[in-house]
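Remarks on the structure that follows.
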Amino acid sequence: MRSTNQPFRPGLAVRDITFLALATALIFALQIALAGLPNIEVVSLLFLLYTLHFRAKTLFVIYAFALLEGVWYGFHIWWVMYLYVWTILWAVVMLLSRKGRKHGAFFWAVINGLYGLAFGFFCSFLYVAMGGLKVAYSWWLAGLPFDAAHGVGNFVTALVLFVPLNRALDFALKL
């Protein structure tokens, strides 16, 4: 796993498994460490960066992270959301970064901020299936203040940390 220029190949080398395991451990540890701060997190930024570097292999990290979250916090309705909500971010980043397009830190900070703002909306999809549109809509509206804080937190976090974390990841992958 060198860089974004390498195509996805089925199967994983030992080096790939090691990097993906470390990426999962880092994202999980940081999520727990920052859990006391309301909607301030680096999970979205790290998934964004992992997608830029690992491409499709990031899906392994996403689902391993979701599994660890379920084991740590218990499996409940939010856990089902984690199975698809991070995949939405992955898909957006994949689409926006395809064919060698390069975007700067500000672009990715905006994407990360918009994702944080839309997080509750994406999570509400499950409530459509459980209780209908009215239940999903009311659940989403009730969480809008937290989504706004989440969006601002994601934007600022990405604006400050995108460049140093991207450089660190570039460096680590070249070892």
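Keep in mind that what you see is a predicted model, and the values were worked out from it rather than measured.
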Check: Does any N or O in the side chain of D147 come within less than 3.5 Å of the main-chain N or O of G120, such that one atom is a donor and the other an acceptor?
Finding: yes
Next item on the list: Would you check if Y82 and I62 make a side-chain contact, meaning some heavy-atom pair closer than 4.5 Å?
Entry: no
Checklist line | Spacing of CG belonging to L89 relative to CG belonging to L46, to within rounding of 0.5 Å | finding: 11.0 Å
Margin query: Within this structure, what is the CZ-CH2 distance for the pair F125 and W140, rounded to the nearest 0.5 Å?
Written below: 10.0 Å
Note to self: Please give me the minimum heavy-atom distance between H103 and L96, naming the atom from each residue.
What the structure shows: NE2-O, 2.9 Å
Margin query: Centroid separation under 6.0 Å, is that true for the rings of F47 and F65?
Written below: yes
Item checked: Heavy-atom neighbours of F121 CZ exceed 12 at 6.0 Å -> no
Checklist line | Nearest-0.5 Å distance, CD of residue E41 to CD of residue Q31 | finding: 8.0 Å
Check: L20 and K57: which non-hydrogen atoms are nearest, and at how many Å?
Finding: CD2-O, 3.7 Å
Checklist line | Atom OH of Y137 with >12 non-hydrogen neighbours under 6.0 angstrom | finding: no
Note to self: Are more than 12 heavy atoms, taken from residues, nucleotides or ligands other than F146, located less than 6.0 Å from that residue's CZ atom?
What the structure shows: no
Next item on the list: Might you point out which heavy atoms bring F54 and A23 nearest each other, and give the distance in Å?
Entry: CE1-CB, 4.0 Å
Check: Would the number of heavy atoms belonging to other residues, nucleotides or ligands and lying under 6.0 Å from CZ of F106 be above 12?
Finding: no
Notebook entry, point to check: Considering residues, nucleotides and ligands other than L37, do more than 12 of their heavy atoms fall under 6.0 Å from its CG?
Noted result: yes
Checklist line | Heavy-atom closest pair, residues Y127 and M81 | finding: CE1-CE, 3.1 Å
Check: Would you say Y115's side chain and N154's backbone share a donor-acceptor pair under 3.5 angstrom?
Finding: no
Notebook entry, point to check: Once you round to the nearest 0.5 Å, how far does CZ of F155 lie from CG of N112?
Noted result: 10.0 Å
Notebook entry, point to check: Is L22 reachable from W72 through a run of hydrophobic residues whose side-chain heavy atoms are each under 4.5 Å from the next?
Noted result: no
Next item on the list: For S44 and H150, work out which heavy atoms get closest and say how close.
Entry: OG-NE2, 4.3 Å
Next item on the list: Using distance alone, with no hydrogens and no angle criterion, decide if Y63 and T87 have a side-chain donor and acceptor under 3.5 Å apart.
Entry: yes
Item checked: Nearest heavy-atom neighbours spanning C123 and W139 -> CB-CH2, 3.6 Å
Next item on the list: Please say which of T51, L48, L49 ends up in a side-chain contact (heavy atoms from CB on, under 4.5 Å) with T58.
Entry: T51
